[in-house]
Each structure stands twice: as C-alpha cells, then as structure tokens.
Student: 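Got a structure for you, written out below as structure tokens; questions coming shortly.
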Amino acid sequence: MRHVAVVDLGYGDAGKGTVVDWLCATRPVHTVVRFNGGAQAAHNVVLRDGRHHTFAQFGAGTFHPGVRTHLSRHVVVDPLALAAEADHLATVGVPDALDRLTVDGSALLATPYHRAANRAREIARGADRHGSCGLGVGEAVAYGLAHPDDAPRVADCRSPALLRRRLTVLRDRLTAELGPLDAPPVEDCLPAFTGFAGRVAIVDGSWLAGALRSGTCVFEGAQGVLLDEWHGFHPYTTWSTTTFTNVDGLLAEAGLPGEVARLGVLRIVTTRHGAGPLVTEDQALPFTDRHNATNPWQGRFRFGHFDAVAHRYALAAAGGVDGLALTHLDLAGPGLRICRRYDTTDRITPGPPGDLDRQAALTARLLRSRPVYDDPPSDWPEAVRAELGAPVVLTSHGPTAGDKTPHGPLLAAPALARSV
Amino acid sequence: MGSGIWSTDVYDAADRYRRSTGKSAFSYSDSGARTVHPALDPREATRESRDSDEHPRSTPVAVLFDVTGSMLKVPRVLQTKLPQLLGLLQRQGYASDPQIMFGAIGDATCDRVPLQVGQFESDNRMDDDLGRIVLEGGGGGQMTESYELAMYFMARHTATDNWDKRGRRGYLFIIGDELAYPTVKAREAAGVIGDNLTEDVPLRHIVDEVTSRWDTYYLLPAGSHYAGNAKVLDFWRDLLGQNAVVLDDLDAVCETIALTIGLGEQAIDLDEGLRHLDRAGSTATGTVSKALARLNRGRRAEVSTLPAFRDTTGGVTRL
C-alpha cells in the first residue's frame, strides 16, 4: 500500500488543502494524518456546490464521507478551536466530523495560557514581530521542550485532577515570567478539556500503525518548508518541522519505511503571510486572496513572482519529492514573472538542522538580495519542472477538485475510485 | 502560514462539546419536567424575526410538531434531524438569512403543556429550544390535537421584518398526524396564551389568517399512529390544498423542509434541489421527490398586501 504525503515547498498557502481534498475525491482514503503544526493551519477547501471550509485541525479530506482524521503526536492540539471547527463543519453538511477523529494522547495541548503568553510576547516585540498567528502553538512547543514532564498533553484531559495540576503549574510559570495573563481561571478551562476527552477518541501510537495497514492514508502537512523550524529563515519561522521528517518517522515506527509518495505543492505566485524574507515580493501584482485576509497578527497577505531560488532551496531541505503539484495556474499572465537567480547568488543551500546562527545569517542575506527576473514562461509546468528537476504530476486551475488534472502514473486514481 | 479562524473561547467550547454528545436531547423533558419551560411559554409572548446588520434579509421559518402519544417516536427523531435544517438552508442558499423557530403542539383539552413556542434564531440556540420541549406522550385517542391554537399563535403573536418591510410571507411547517379542533376556543386562548377573545374563532377563519402571512405546510410523516390515514390527509388537503404533504420517511424531514423553502423562494426547481441532495450524499431524494411532486406542479403565487419588495437577484444569496 502506497500512502501520499503532501508538503508545501513555499511559505504556506500554496494549496495543500485543495490537493488533499482532490486526493480524497479521486480514490478511497482511509485517514488523513496531520503530522505537524496545530490550529493555526488554514487549509481552504471549496466544493463545486459552493460550500467552503477552512480546515485547521480536521484533515482537508473531511468533506468526503468516511474519511477519517488522525492528529499524530507531532500536532499541537487545541480542543477549543476544534469544537468551533466541528460546529462549522456541521453547518456545511458534515455532522460527524468529531466521530471520524482520533487524537494521539501524547500530543501537546495548546491552552488559553499558551495563547495569552504568545500574544504578550508578540506585542512586546513591537515592529519586530515574527508573524506568529497568536494561537500559542509555538509557545506550547517551547513549554513542552522546557518542561517535558509537566506539559499538558491530550491524554491528561481524561484525568481532571492531573490536568488541573498541570494547567495551574503552566499558568503560574508563564505568569511569573510575563506578568498577569489574559486568560480564564483553571477551573473554568477544565469543562472544555474534559468535554473534549469525553467526545473525541484519544488513542496511542499503535492506532496509526493499524490505519496505515488498513487503507491509503494521506499525510497533510501544515505551513511550508520555508517556515521550517530548522530550515526556514530564522527568526521568521514556525516552531514545527514542516518537511517530510515527521512522516518518515511515523512510517518507520509503523514498520512501513518509505511506503509513501512524496508530493511537493507550489503555487505559481510565491506568497507569504507574516513578516520575513520574500525576495520576489511585488506590491504591484494585481492579486487578492479571499481566504487570507489582513489580520492583526500577521498583517497583510504578501504576493511575489515565482521564486525558483527559494523553492529549489525548499526542495533540497525537504530531501526531494516524487512529484510536484502546481496550483493557481489560472493566475498566469503577462504580469507574472519567474525569478531564477538573485543579484547576489543563483543558489542557496540548506545547512544542517539546528544551526540557527547560520539561518539568521541567511535571512540577513536574503533581506539584502534583489530578484533577477526572466520573461513569463509560456508553459509554467514545464518551466517549474526544469527549474526544480522534478515532474509536475498535478496541475490546478481553480479552487475545487474538479479544477485539478493529474499527469502521469504517480497520482493516477485506482480503477475503482469514484469520479471527481 | 494560516491564521486561526475558529473560536478558542473556553466557555463556548465546553458548551459545544456538551451539545455534540447529543445528551441534551429533550433533557428538560427527560429530567421529569411537566410544565412549559419559561423560554417556550406562549403566554403573553410575541415571537419576532428581525433583520440585523449580520442578517439583513431575514427569512423566518417556523417548525411546530405534535408531541402527543400518537406520534410515537417521531418527536425524538425530529429532534435529532432538525438541528441540521439551518445548515441545509445556508449552504445551498435557498433562503436569505434563515431564522428558525421550533415549537410543539399538544391537546389543550387534556394536556398540561398544549403549546410550546421557541424564538426565531439564526444560530444553534434553536437547538437549546428543542432540548426544552416537554413531550406529552399522552393524547386522548380522539384523533384531534390543538393545531388551531398553534395557528392562532402564529397568526396573531408573531412579527417579522420579512413581512413588515418586504411583504413576503414566512414559512410555517406543522408536523403531525391528527385533525384540528373546529374552533379556537376563547377559553383556551385565554388560558394558554392570555388573550381575551369575545368569541371562539372558527378553524377556517384562523387558517385564512395564518396563511395570509405564513406559507403554511402540513407534513404527515411515516411512523406516526395515523400515518396514511385518508381521513387525516383529506382534512388537511381541504384546508391547505397541495401544502398538505405526506412524508414516507421521517429521516427526510429536513431535506423536505429545505427544498420546500427553496421552491417557495424560487431559488431552485425540484430537479435542481434533488440534484443538490444527491450530490451532498443524501439518501432522502426518493422520499423528498415523492413528497414534493405536487408542490412542484403548482407553484404558489406570492400573496402580498404591501408594495412587494423585489430585487433582481431573486433574494437568494448563494454561499
């Protein structure tokens, strides 16, 4: 059985959600597995009948009956946002999303205290914001690393006394560091977390191994490789491994190493939401994105020409792909150009994970770099294939599954799959 | 990188999980309550459906169902199905800004709670009203319930911007399986609603009154005691014509109501509506098709005493 892993080779927002939705529309998929990030993901899926949902914690295949979602231990789980998301899914015709969800009990919890601390820190940074979403995901990861034995985890929601103790310690530590936090009392938080445990199936690591042997699974990445905690442009990164590393680890633990087709998603307009380098940014580009509004934590959504230099770097950092999915081809036009080199270099290469000084130096260099543009390619898929040295196996001209075209055998639907 | 768009309010989340366990189904009734919940008490009440900045063109929808014993398990099935109604209406854009009210009908001659009416809501607060309904479960065996009293309330104790501003009727669905009494009795109107009538109001009179402001349908579902009884169907056909509809699968109730509204708002024709259901994976298309075939043939004429408000988009916001 071959699974599929979907990773964004940009700064996020390339269209992972719509690709995952298409995969689930064109073949029987057992489970969509989330392997990084948390509630700050925003994967927009639009159906042909106009229904729309922004998937944050549920897998982007949830519109398809029977497709499950598994939140692996690498996800920072936010039960509060999860409840609201499930409610919205019910209003767009998916009443059983919570019934189709499993969550690894060892995953970290995002809590109102993490969220309040996250916001307090971003506000204190003033003009030097990192572009965080203000949902406390990075804060939860940081706390988990600093206090691995005290950090609240999903399984704790089944033990109110233990959860109360861990939330209290968390609140007290963060308050001691940052001052009073804008968050509710511990007692008021407990019903939400215990309600979550009463409603959602909390499982251990062996559940995923079973799912991986039961049917095709789609690994859905969050954010993008250019935001990766080690390979992104420090400090404008997410506290999450956005490459295939977590996927490889989960498959190896299940005894299925390498049983996955690696898919890299790119849009022909390179975009970024939040602060940090975007070398090809061009405010004259006539695009808007209806699903990425200006918000107080990340500012406005930024558009740039196709940055082949940055995407080649992401591809190398991710360790290569079996194929590329190229989205937003409907935006191709005479105004959209391709950048194959910067004025300072034509190639940037990844360093070893963990060398943040090197990444910070790289960021400084990128912020000084100017793009060199070539004329718009007449054949975008061919131009991208040539630049990245990987086949384009899926093209997308619009938001729905019906706007996608597969190329070649990698993503060919099994003979018995439903039509799109 | 995305942004969190789903609410992380801790109180709200606790409430959502509580609701999603389904434990709230008729929790008020199941806890032993035998008097009307204050939120549903019709006494000296008016139920309003008003426009707001968020919902500028409200469309009122009232769903009142019989809760007496003859309906057997029907109310409990309805309670699990009806919360989906708002989503169905919204996602297909069949009606602009739907606001839904739920209520329950009993027998004023012998029941403790003969009429219960919630408020028009445009979010899941309407689910709370469903949970507060008292199920009578008795019934007199005389094949008659106080539907006329419910229609009296809808005619004289509701106010809607859809009517006041746009001259458009709202939608009233009565789900039941028995006959109405021949008059609205002044004594019952006083006792249950608090109105002082000088004389009884004949049934035909109150039907004319309610249908002038509410596009009124009677749904006779399978699974109820008198389902398929020709006497009941003939009685309602005589009063409401083609708007008396037989529903042979109760699981299809939301789809039937949604498509009826879509047809009434001229947002769809029946074939298009059935295609929507099919595409959404609904198993109800057969039942709905059968139930609504008559409605589709004779499209209602819009009745308006005010200068009718019309716009070029047909009043339908597609999502």
Side-chain angles (χ1 to χ4, degrees), chain A residues 11-13 39-43 47-52 54 56-57 65 78-88 90-93 95 98 110 112 115 131-135 183-184 188-196 198-200 222-224 227 238 272-274 292-293 295 297-298, chain B residues 1-24 80-94 98 100 122-127 251 254-255 258 262 267-268 272-273 275-284 316-319:
Chain A
Y11 298 99
D13 300 302
Q40 86 279 44
H43 298 173
L47 299 188
R48 272 195 302 190
D49 60 16
R51 282 185 280 159
H52 165 239
T54 302
Q57 294 184 83
D78 188 331
L80 310 185
L82 188 73
E85 192 186 346
D87 265 17
H88 182 263
T91 71
V92 291
L98 287 171
R115 200 152 28 240
S132 160
C133 295
L135 285 173
D188 290 10
C189 294
L190 287 174
F193 287 101
T194 55
F196 158 74
R199 183 66 182 81
V200 171
Q223 293 89 40
L227 299 170
T238 184
R272 179 163 200 160
H273 207 180
N292 282 289
N295 70 56
W297 300 103
Q298 297 174 291
Chain B
M1 190 189 275
S3 59
I5 72 164
W6 305 118
S7 162
T8 53
D9 180 278
V10 65
Y11 306 100
D12 176 63
D15 200 39
R16 289 174 198 267
Y17 281 120
R18 200 159 40 234
R19 232 196 309 263
S20 80
T21 58
K23 282 181 190 147
S24 69
T80 64
K81 298 286 168 192
L82 288 174
Q84 301 160 19
L85 180 58
L86 185 70
L88 264 175
L89 289 172
Q90 286 175 334
R91 78 181 192 224
Q92 296 293 6
Y94 289 167
I100 304 183
S122 47
D123 58 33
N124 50 18
R125 272 173 295 188
M126 70 185 78
D127 299 3
D251 284 347
C254 285
E255 287 93 337
I268 46 163
E272 190 182 355
R275 275 199 301 280
H276 290 165
L277 290 187
D278 206 32
R279 209 182 294 154
S282 169
T283 54
V316 175
T317 310
R318 292 200 179 274
L319 296 177

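Predicted model, so just to flag it, every value in this text is computed and none were measured.
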Student: Using 0.5 Å steps for rounding, measure from the NE2 atom of A/His88 to the CZ atom of B/Arg16.
Tutor: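 A/His88 atom NE2 to B/Arg16 atom CZ measures 10.5 Å (nearest 0.5 Å).
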Student: What pair of heavy atoms forms the shortest contact from B/Thr8 to A/Leu135, and how long is it?
Tutor: CG2-CD2, 4.1 Å
Student: Can you tell which of A/Ala183, A/Pro191, A/Pro79 has the highest number of heavy-atom pairs within less than 4.5 Å of chain B?
Tutor: A/Pro79
Student: Donor-acceptor check, side chain of B/Trp6 to backbone of A/Ala86, threshold 3.5 angstrom: yes or no?
Tutor: no
Student: Does any backbone or side-chain atom of A/Asp188 lie under 4.5 Å from a heavy atom of chain B? Answer side chain, backbone, both or neither.
Tutor: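 Both parts, heavy atoms under 4.5 Å.
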Student: Would you mind telling me which of A/Ala81, A/Gly195, A/Cys189 has the largest number of heavy-atom pairs within less than 4.5 Å of chain B?
Tutor: A/Ala81
Student: How close do A/Ala192 and B/Tyr17 get, counting heavy atoms only, and between which atoms?
Tutor: O-CD1, 3.7 Å
Student: Please flag which part of A/Leu47 lies under 4.5 Å from any non-hydrogen atom of chain B: side chain, backbone, both or neither.
Tutor: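 A/Leu47 has no heavy atom closer than 4.5 Å to chain B.
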